[in-house]
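Note that ligands are numbered from 1 as they come in the structure, with each ligand's atoms numbered from 1 the same way.
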Amino acid sequence: MAGMADDTTAVVWDSALLDYDMGDHPLNPVRVELTMALARDLGILDRPGVQMITPGEASEIDLTRVHRADYLEAVRLAPIDPFFRGWGLNTPDNPVFDDMHQASARICGATLAAAGAVWHGVARRAVNVAGGLHHAMPARAAGFCVYNDPAVAIAWLLEQGAQRVAYIDVDVHHGDGVQTVFYDDPRVLTISLHESPLALFPGTGFADEIGGPGAEGTAVNVPLPPGTGDAGWLRAFHAVVPSVVRAFAPEIIISQCGADAHRLDPLADLRLSVDGQRAAYIAMRALADEVCDGRWVATGGGGYALVEVVPRAWAHLLAVATGEPLAPETRIPQRWRTLAAARRPEATIPEAMTDGTEPPIESWPGTSEDPVDRAVLATRTAVFPLHGLDPHDPRD
Ligand SMILES: [Zn+2]
(Lines give C-alpha, C1' and ligand atoms only; values in the text may rest on other atoms or scores of the structure.)
Protein backbone atom coordinates (compact mmCIF):
# COMPACT_ATOMS: atom_id res chain seq x y z
CA MET A 1 0.00 0.00 0.00
CA ALA A 2 2.97 2.31 -0.43
CA GLY A 3 1.93 5.80 -1.33
CA MET A 4 -1.61 5.36 -0.10
CA ALA A 5 -1.41 8.31 2.24
CA ASP A 6 -0.15 10.44 -0.65
CA ASP A 7 -3.56 10.28 -2.16
CA THR A 8 -5.60 10.48 1.01
CA THR A 9 -7.18 13.43 2.78
CA ALA A 10 -9.18 12.95 5.95
CA VAL A 11 -12.29 15.10 6.24
CA VAL A 12 -13.53 15.02 9.81
CA TRP A 13 -17.25 15.48 10.08
CA ASP A 14 -20.30 14.68 12.19
CA SER A 15 -23.50 16.72 12.29
CA ALA A 16 -23.09 16.61 16.10
CA LEU A 17 -20.37 19.25 15.56
CA LEU A 18 -23.24 21.67 14.90
CA ASP A 19 -24.19 21.41 18.59
CA TYR A 20 -21.56 24.06 19.34
CA ASP A 21 -24.34 26.64 19.16
CA MET A 22 -24.31 29.84 21.19
CA GLY A 23 -27.84 30.74 20.13
CA ASP A 24 -28.57 34.28 18.96
CA HIS A 25 -24.87 34.99 18.38
CA PRO A 26 -22.55 35.78 15.44
CA LEU A 27 -20.82 32.36 15.57
CA ASN A 28 -23.67 30.41 14.01
CA PRO A 29 -23.21 26.73 13.14
CA VAL A 30 -25.21 27.22 9.95
CA ARG A 31 -21.96 28.34 8.33
CA VAL A 32 -20.45 24.90 8.98
CA GLU A 33 -23.59 23.09 7.85
CA LEU A 34 -23.64 25.14 4.62
CA THR A 35 -19.92 24.56 4.06
CA MET A 36 -20.27 20.79 4.18
CA ALA A 37 -23.41 20.92 2.03
CA LEU A 38 -21.61 23.02 -0.58
CA ALA A 39 -18.58 20.73 -0.59
CA ARG A 40 -20.91 17.76 -1.04
CA ASP A 41 -22.89 19.41 -3.85
CA LEU A 42 -19.67 20.35 -5.65
CA GLY A 43 -18.50 16.73 -5.50
CA ILE A 44 -15.48 17.53 -3.34
CA LEU A 45 -16.32 14.88 -0.74
CA ASP A 46 -16.63 12.22 -3.48
CA ARG A 47 -13.13 12.77 -4.79
CA PRO A 48 -10.80 9.77 -4.80
CA GLY A 49 -8.76 9.56 -1.62
CA VAL A 50 -11.23 11.42 0.58
CA GLN A 51 -11.66 9.59 3.83
CA MET A 52 -14.53 10.73 6.05
CA ILE A 53 -13.80 10.40 9.78
CA THR A 54 -16.42 10.63 12.51
CA PRO A 55 -14.82 12.15 15.60
CA GLY A 56 -15.51 11.50 19.26
CA GLU A 57 -15.17 13.89 22.20
CA ALA A 58 -11.69 14.75 23.39
CA SER A 59 -10.92 13.09 26.73
CA GLU A 60 -10.13 14.78 30.02
CA ILE A 61 -6.48 13.80 29.50
CA ASP A 62 -6.40 15.42 26.06
CA LEU A 63 -8.11 18.61 27.25
CA THR A 64 -6.00 19.04 30.39
CA ARG A 65 -2.79 19.18 28.34
CA VAL A 66 -4.02 22.73 27.62
CA HIS A 67 -6.88 23.55 29.98
CA ARG A 68 -7.01 23.58 33.77
CA ALA A 69 -9.12 20.81 35.35
CA ASP A 70 -11.05 23.34 37.44
CA TYR A 71 -11.97 25.21 34.24
CA LEU A 72 -13.33 22.02 32.68
CA GLU A 73 -15.40 21.52 35.83
CA ALA A 74 -16.74 25.06 35.55
CA VAL A 75 -17.69 24.51 31.89
CA ARG A 76 -19.58 21.35 32.89
CA LEU A 77 -21.45 23.11 35.68
CA ALA A 78 -22.25 26.42 33.98
CA PRO A 79 -25.32 25.25 31.98
CA ILE A 80 -27.09 23.99 35.11
CA ASP A 81 -26.53 27.19 37.12
CA PRO A 82 -28.44 30.18 35.73
CA PHE A 83 -26.38 32.58 37.87
CA PHE A 84 -23.02 31.17 36.81
CA ARG A 85 -20.26 33.80 36.54
CA GLY A 86 -16.54 33.79 35.91
CA TRP A 87 -14.09 31.92 33.67
CA GLY A 88 -15.06 34.25 30.80
CA LEU A 89 -18.47 32.56 30.61
CA ASN A 90 -22.02 33.90 30.69
CA THR A 91 -20.97 37.04 28.84
CA PRO A 92 -22.32 38.41 25.55
CA ASP A 93 -19.29 36.96 23.73
CA ASN A 94 -19.36 33.60 25.47
CA PRO A 95 -22.89 32.70 26.47
CA VAL A 96 -23.49 29.44 28.26
CA PHE A 97 -25.42 26.77 26.32
CA ASP A 98 -26.73 23.27 27.00
CA ASP A 99 -24.11 20.52 26.91
CA MET A 100 -21.42 23.13 26.36
CA HIS A 101 -18.67 20.84 27.65
CA GLN A 102 -19.64 17.96 25.35
CA ALA A 103 -20.03 20.19 22.28
CA SER A 104 -16.70 21.91 22.93
CA ALA A 105 -14.91 18.64 23.65
CA ARG A 106 -16.28 17.23 20.37
CA ILE A 107 -14.76 20.13 18.40
CA CYS A 108 -11.42 19.30 20.06
CA GLY A 109 -11.97 15.61 19.32
CA ALA A 110 -12.44 16.46 15.66
CA THR A 111 -9.20 18.42 15.39
CA LEU A 112 -7.43 15.67 17.35
CA ALA A 113 -8.78 13.11 14.87
CA ALA A 114 -7.45 15.24 12.01
CA ALA A 115 -4.03 15.58 13.64
CA GLY A 116 -3.98 11.87 14.51
CA ALA A 117 -4.77 10.81 10.94
CA VAL A 118 -1.91 12.90 9.58
CA TRP A 119 0.60 12.12 12.33
CA HIS A 120 0.03 8.38 12.04
CA GLY A 121 0.26 8.51 8.23
CA VAL A 122 -3.31 7.38 7.66
CA ALA A 123 -3.86 10.52 5.59
CA ARG A 124 -1.53 13.06 4.06
CA ARG A 125 -3.76 15.98 4.94
CA ALA A 126 -6.82 16.49 7.13
CA VAL A 127 -9.53 19.12 7.55
CA ASN A 128 -11.93 19.97 10.37
CA VAL A 129 -13.98 22.95 9.27
CA ALA A 130 -15.79 23.02 12.64
CA GLY A 131 -12.51 23.70 14.47
CA GLY A 132 -10.23 26.68 14.91
CA LEU A 133 -11.44 28.04 18.27
CA HIS A 134 -8.16 29.85 18.72
CA HIS A 135 -9.07 32.42 21.42
CA ALA A 136 -9.81 29.99 24.27
CA MET A 137 -7.31 30.29 27.12
CA PRO A 138 -6.17 27.58 29.57
CA ALA A 139 -8.66 28.71 32.22
CA ARG A 140 -10.96 31.12 30.40
CA ALA A 141 -13.43 31.25 27.54
CA ALA A 142 -12.74 34.11 25.12
CA GLY A 143 -13.88 35.37 21.73
CA PHE A 144 -16.65 32.76 21.24
CA CYS A 145 -14.21 29.94 22.10
CA VAL A 146 -14.59 27.58 25.07
CA TYR A 147 -11.85 24.98 24.44
CA ASN A 148 -8.89 25.61 22.17
CA ASP A 149 -8.91 22.75 19.66
CA PRO A 150 -5.78 23.75 17.72
CA ALA A 151 -3.82 23.96 20.98
CA VAL A 152 -5.21 20.64 22.21
CA ALA A 153 -4.15 18.99 18.94
CA ILE A 154 -0.68 20.57 19.04
CA ALA A 155 -0.21 19.48 22.67
CA TRP A 156 -1.14 15.93 21.64
CA LEU A 157 1.40 16.03 18.80
CA LEU A 158 4.10 17.08 21.26
CA GLU A 159 3.05 14.22 23.54
CA GLN A 160 3.54 11.85 20.58
CA GLY A 161 7.09 13.13 20.24
CA ALA A 162 6.76 15.86 17.64
CA GLN A 163 9.73 18.22 17.96
CA ARG A 164 8.66 21.04 15.63
CA VAL A 165 5.05 21.98 14.92
CA ALA A 166 4.18 25.08 12.85
CA TYR A 167 0.82 26.78 13.37
CA ILE A 168 -0.32 29.32 10.75
CA ASP A 169 -3.37 31.42 11.63
CA VAL A 170 -5.01 33.44 8.84
CA ASP A 171 -8.15 34.40 10.79
CA VAL A 172 -8.69 38.18 10.85
CA HIS A 173 -8.23 38.08 14.64
CA HIS A 174 -4.95 37.35 16.40
CA GLY A 175 -4.48 33.69 17.35
CA ASP A 176 -3.90 34.71 20.95
CA GLY A 177 -4.94 31.52 22.74
CA VAL A 178 -2.65 29.26 20.76
CA GLN A 179 0.20 31.76 21.03
CA THR A 180 -0.27 32.01 24.80
CA VAL A 181 -0.27 28.24 25.36
CA PHE A 182 3.02 27.73 23.48
CA TYR A 183 4.68 31.12 23.99
CA ASP A 184 7.62 29.64 25.91
CA ASP A 185 7.84 26.39 23.95
CA PRO A 186 10.53 26.38 21.25
CA ARG A 187 8.94 23.29 19.66
CA VAL A 188 5.89 25.25 18.46
CA LEU A 189 6.08 28.06 15.90
CA THR A 190 2.91 30.18 15.91
CA ILE A 191 2.40 32.62 13.03
CA SER A 192 -0.64 34.89 12.92
CA LEU A 193 -1.66 37.37 10.23
CA HIS A 194 -4.49 39.57 11.44
CA GLU A 195 -6.02 43.01 11.49
CA SER A 196 -4.10 45.41 13.73
CA PRO A 197 -4.70 44.88 17.46
CA LEU A 198 -5.12 48.66 17.69
CA ALA A 199 -8.35 48.25 15.73
CA LEU A 200 -9.67 44.81 16.61
CA PHE A 201 -10.23 42.17 19.30
CA PRO A 202 -8.32 40.70 21.11
CA GLY A 203 -5.87 43.63 21.20
CA THR A 204 -2.73 41.49 21.01
CA GLY A 205 -0.56 40.28 18.16
CA PHE A 206 1.98 43.08 17.81
CA ALA A 207 5.19 42.43 15.90
CA ASP A 208 7.23 42.54 19.11
CA GLU A 209 5.44 39.51 20.58
CA ILE A 210 8.12 37.05 19.52
CA GLY A 211 8.04 34.21 22.08
CA GLY A 212 9.25 33.84 25.66
CA PRO A 213 12.70 33.10 27.07
CA GLY A 214 14.27 30.19 25.25
CA ALA A 215 11.63 30.39 22.51
CA GLU A 216 12.44 33.73 20.92
CA GLY A 217 11.35 33.85 17.31
CA THR A 218 8.74 31.10 17.67
CA ALA A 219 5.87 33.57 17.94
CA VAL A 220 5.45 35.59 14.73
CA ASN A 221 2.83 38.30 14.34
CA VAL A 222 1.86 40.27 11.26
CA PRO A 223 -0.64 42.98 12.26
CA LEU A 224 -2.14 44.51 9.13
CA PRO A 225 -3.83 47.89 8.71
CA PRO A 226 -7.63 47.98 8.46
CA GLY A 227 -8.62 47.92 4.79
CA THR A 228 -5.81 45.61 3.66
CA GLY A 229 -6.96 43.71 0.57
CA ASP A 230 -5.82 40.67 -1.39
CA ALA A 231 -2.68 42.25 -2.81
CA GLY A 232 -1.32 43.56 0.47
CA TRP A 233 -2.37 40.52 2.49
CA LEU A 234 -0.79 38.03 0.08
CA ARG A 235 2.34 40.18 -0.20
CA ALA A 236 2.64 40.14 3.60
CA PHE A 237 2.05 36.39 3.75
CA HIS A 238 4.73 35.63 1.18
CA ALA A 239 7.19 38.09 2.74
CA VAL A 240 7.05 36.40 6.13
CA VAL A 241 5.51 32.94 6.29
CA PRO A 242 7.48 30.77 3.83
CA SER A 243 10.89 31.99 5.00
CA VAL A 244 10.20 31.47 8.67
CA VAL A 245 8.52 28.09 8.14
CA ARG A 246 11.39 26.87 5.95
CA ALA A 247 13.92 27.97 8.57
CA PHE A 248 11.94 26.30 11.36
CA ALA A 249 11.57 23.05 9.34
CA PRO A 250 8.39 21.72 10.96
CA GLU A 251 7.33 18.09 10.90
CA ILE A 252 3.68 19.14 10.43
CA ILE A 253 1.72 22.33 9.73
CA ILE A 254 -1.56 23.20 11.46
CA SER A 255 -3.52 26.01 9.78
CA GLN A 256 -6.37 27.96 11.32
CA CYS A 257 -8.35 29.21 8.33
CA GLY A 258 -10.85 31.67 9.78
CA ALA A 259 -12.75 33.27 6.90
CA ASP A 260 -13.39 36.62 8.58
CA ALA A 261 -10.66 38.54 6.72
CA HIS A 262 -13.12 38.75 3.80
CA ARG A 263 -14.37 42.20 2.81
CA LEU A 264 -18.01 41.24 3.56
CA ASP A 265 -17.32 40.04 7.08
CA PRO A 266 -19.40 42.11 9.52
CA LEU A 267 -17.00 41.88 12.49
CA ALA A 268 -13.72 43.11 10.97
CA ASP A 269 -12.23 45.41 8.38
CA LEU A 270 -9.80 43.59 6.13
CA ARG A 271 -10.83 43.37 2.49
CA LEU A 272 -9.91 39.97 1.10
CA SER A 273 -11.94 38.20 -1.58
CA VAL A 274 -12.65 34.47 -1.66
CA ASP A 275 -10.13 34.41 -4.48
CA GLY A 276 -7.49 35.80 -2.12
CA GLN A 277 -8.50 33.30 0.54
CA ARG A 278 -8.23 30.49 -2.01
CA ALA A 279 -4.73 31.70 -2.89
CA ALA A 280 -3.78 31.59 0.81
CA TYR A 281 -4.96 27.98 1.13
CA ILE A 282 -3.02 26.99 -1.99
CA ALA A 283 0.10 28.65 -0.56
CA MET A 284 -0.22 26.80 2.75
CA ARG A 285 -0.69 23.45 1.09
CA ALA A 286 2.31 24.11 -1.17
CA LEU A 287 4.40 25.02 1.87
CA ALA A 288 3.44 21.76 3.60
CA ASP A 289 4.31 19.85 0.42
CA GLU A 290 7.68 21.59 0.34
CA VAL A 291 8.78 21.45 3.98
CA CYS A 292 7.01 18.55 5.70
CA ASP A 293 6.11 15.92 3.13
CA GLY A 294 2.62 17.38 2.75
CA ARG A 295 1.56 16.88 6.38
CA TRP A 296 -1.12 19.53 6.79
CA VAL A 297 -4.03 19.86 9.20
CA ALA A 298 -6.49 22.66 8.40
CA THR A 299 -9.29 23.92 10.61
CA GLY A 300 -11.97 26.54 10.15
CA GLY A 301 -12.17 29.45 12.56
CA GLY A 302 -14.06 32.74 12.56
CA GLY A 303 -16.31 33.89 9.75
CA TYR A 304 -19.58 35.77 10.15
CA ALA A 305 -20.81 36.30 6.60
CA LEU A 306 -22.56 32.98 7.11
CA VAL A 307 -23.91 32.43 3.61
CA GLU A 308 -22.08 34.93 1.44
CA VAL A 309 -18.50 33.97 2.38
CA VAL A 310 -17.78 31.14 4.79
CA PRO A 311 -19.19 28.20 2.79
CA ARG A 312 -17.38 29.31 -0.37
CA ALA A 313 -14.08 29.97 1.41
CA TRP A 314 -14.03 26.62 3.18
CA ALA A 315 -15.30 24.67 0.16
CA HIS A 316 -12.22 26.08 -1.57
CA LEU A 317 -10.16 24.95 1.44
CA LEU A 318 -11.60 21.43 1.21
CA ALA A 319 -10.87 21.35 -2.53
CA VAL A 320 -7.28 22.48 -2.03
CA ALA A 321 -6.79 19.88 0.70
CA THR A 322 -8.32 17.03 -1.31
CA GLY A 323 -6.73 17.63 -4.70
CA GLU A 324 -7.07 20.21 -7.42
CA PRO A 325 -8.27 23.69 -6.41
CA LEU A 326 -11.73 24.54 -7.72
CA ALA A 327 -11.75 26.84 -10.73
CA PRO A 328 -12.79 30.26 -9.41
CA GLU A 329 -15.57 30.57 -12.01
CA THR A 330 -17.22 27.35 -10.79
CA ARG A 331 -20.99 27.88 -10.56
CA ILE A 332 -22.73 27.12 -7.29
CA PRO A 333 -25.29 24.32 -7.62
CA GLN A 334 -28.95 25.38 -7.41
CA ARG A 335 -29.58 22.69 -4.82
CA TRP A 336 -27.21 24.48 -2.40
CA ARG A 337 -28.67 27.89 -3.22
CA THR A 338 -32.12 26.58 -2.30
CA LEU A 339 -30.82 25.21 1.01
CA ALA A 340 -29.00 28.47 1.81
CA ALA A 341 -32.12 30.52 1.07
CA ALA A 342 -34.15 28.26 3.34
CA ARG A 343 -31.66 28.64 6.19
CA ARG A 344 -31.14 32.40 5.83
CA PRO A 345 -33.96 34.02 3.83
CA GLU A 346 -32.43 37.49 4.25
CA ALA A 347 -29.05 36.54 2.78
CA THR A 348 -27.73 37.33 -0.68
CA ILE A 349 -27.01 33.88 -2.08
CA PRO A 350 -23.78 33.71 -4.11
CA GLU A 351 -23.89 32.23 -7.61
CA ALA A 352 -20.21 31.46 -8.21
CA MET A 353 -17.11 30.44 -6.29
CA THR A 354 -15.33 33.66 -7.25
CA ASP A 355 -15.70 37.30 -6.27
CA GLY A 356 -14.55 38.13 -9.78
CA THR A 357 -11.14 39.38 -8.78
CA GLU A 358 -7.85 37.81 -9.67
CA PRO A 359 -5.47 38.31 -6.73
CA PRO A 360 -2.37 40.07 -7.96
CA ILE A 361 1.01 38.55 -7.28
CA GLU A 362 3.32 41.20 -5.87
CA SER A 363 6.66 40.66 -4.26
CA TRP A 364 7.94 42.37 -1.16
CA PRO A 365 9.15 45.07 -0.74
CA GLY A 366 6.58 47.21 -2.44
CA THR A 367 6.69 50.94 -1.96
CA SER A 368 8.28 51.67 1.39
CA GLU A 369 5.56 54.18 2.29
CA ASP A 370 2.86 51.53 2.06
CA PRO A 371 1.58 50.76 5.59
CA VAL A 372 1.41 47.06 4.74
CA ASP A 373 5.08 47.05 3.84
CA ARG A 374 5.96 48.93 7.02
CA ALA A 375 4.08 46.26 9.00
CA VAL A 376 5.90 43.50 7.15
CA LEU A 377 9.27 45.11 7.80
CA ALA A 378 8.49 45.43 11.52
CA THR A 379 7.71 41.72 11.71
CA ARG A 380 10.74 40.71 9.69
CA THR A 381 12.97 42.94 11.81
CA ALA A 382 11.57 41.40 15.01
CA VAL A 383 11.97 37.73 14.12
CA PHE A 384 14.05 37.14 10.98
CA PRO A 385 17.47 37.46 12.67
CA LEU A 386 16.36 34.87 15.25
CA HIS A 387 15.99 32.41 12.34
CA GLY A 388 19.25 33.39 10.63
CA LEU A 389 17.36 35.44 8.03
CA ASP A 390 17.99 38.98 6.82
CA PRO A 391 14.97 41.28 7.32
CA HIS A 392 16.05 43.49 4.43
CA ASP A 393 16.93 40.84 1.87
CA PRO A 394 13.89 40.23 -0.37
CA ARG A 395 15.26 36.78 -1.19
CA ASP A 396 14.80 35.76 2.47
ZN1 LIG B 1 -11.80 35.71 13.84
Side-chain angles (χ1 to χ4, degrees), residues 20-22 25-32 34-35 88 91-95 104 107-108 111 127-137 140-151 167-181 190-206 209 219-230 233 236-237 241 254-274 276-277 280-281 284 298-314 316-317:
Y20 191 89
D21 186 348
M22 295 180 149
H25 185 280
L27 189 81
N28 192 307
V30 75
R31 71 214 181 107
V32 178
L34 290 176
T35 295
T91 64
D93 268 10
N94 312 306
S104 307
I107 304 274
C108 291
T111 301
V127 185
N128 169 27
V129 292
L133 302 177
H134 60 165
H135 296 305
M137 292 291 175
R140 179 165 54 87
F144 317 161
C145 306
V146 177
Y147 297 149
N148 194 317
D149 60 284
Y167 169 79
I168 306 173
D169 185 320
V170 301
D171 192 282
V172 78
H173 302 94
H174 177 223
D176 58 340
V178 183
Q179 174 178 294
T180 296
V181 170
T190 63
I191 305 177
S192 180
L193 288 88
H194 43 263
E195 183 174 338
S196 169
L198 298 174
L200 192 65
F201 177 92
T204 53
F206 292 96
E209 297 167 31
V220 177
N221 286 290
V222 189
L224 294 164
T228 300
D230 287 334
W233 194 98
F237 180 96
V241 180
I254 315 292
S255 293
Q256 197 273 18
C257 299
D260 43 9
H262 192 278
R263 61 185 60 149
L264 292 180
D265 195 90
L267 295 197
D269 299 295
L270 295 193
R271 296 196 48 78
L272 271 65
S273 67
V274 288
Q277 294 175 311
Y281 307 148
M284 288 190 280
T299 71
Y304 309 97
L306 306 171
V307 172
E308 297 84 349
V309 174
V310 181
R312 292 189 299 155
W314 293 347
H316 276 304
L317 173 64

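Counting backbone and side-chain atoms alike, His194 contributes no N/O/S atom closer than 2.8 Å to the Zn ion (ligand 1).
Residues Phe144 and Tyr304 bring their aromatic ring centres within 6.0 Å. Separation of the Tyr167 and His134 ring centroids does not fall under the 6.0 Å cut-off.
No other N/O/S atom of His173 lies as close to the Zn ion (ligand 1) as ND1 does.
Looking at Val127, Leu133, Asn128 one by one, the single match for side-chain contact (heavy atoms from CB on, under 4.5 Å) with Thr111 turns out to be Asn128. The side-chain contact (heavy atoms from CB on, under 4.5 Å) test with Leu270 is passed by exactly one of Arg263, His194, Glu195: Glu195.
Vertex the Zn ion (ligand 1); arms to Asp260 OD2 and Asp171 OD1; angle rounded to 10 degrees, 100°.
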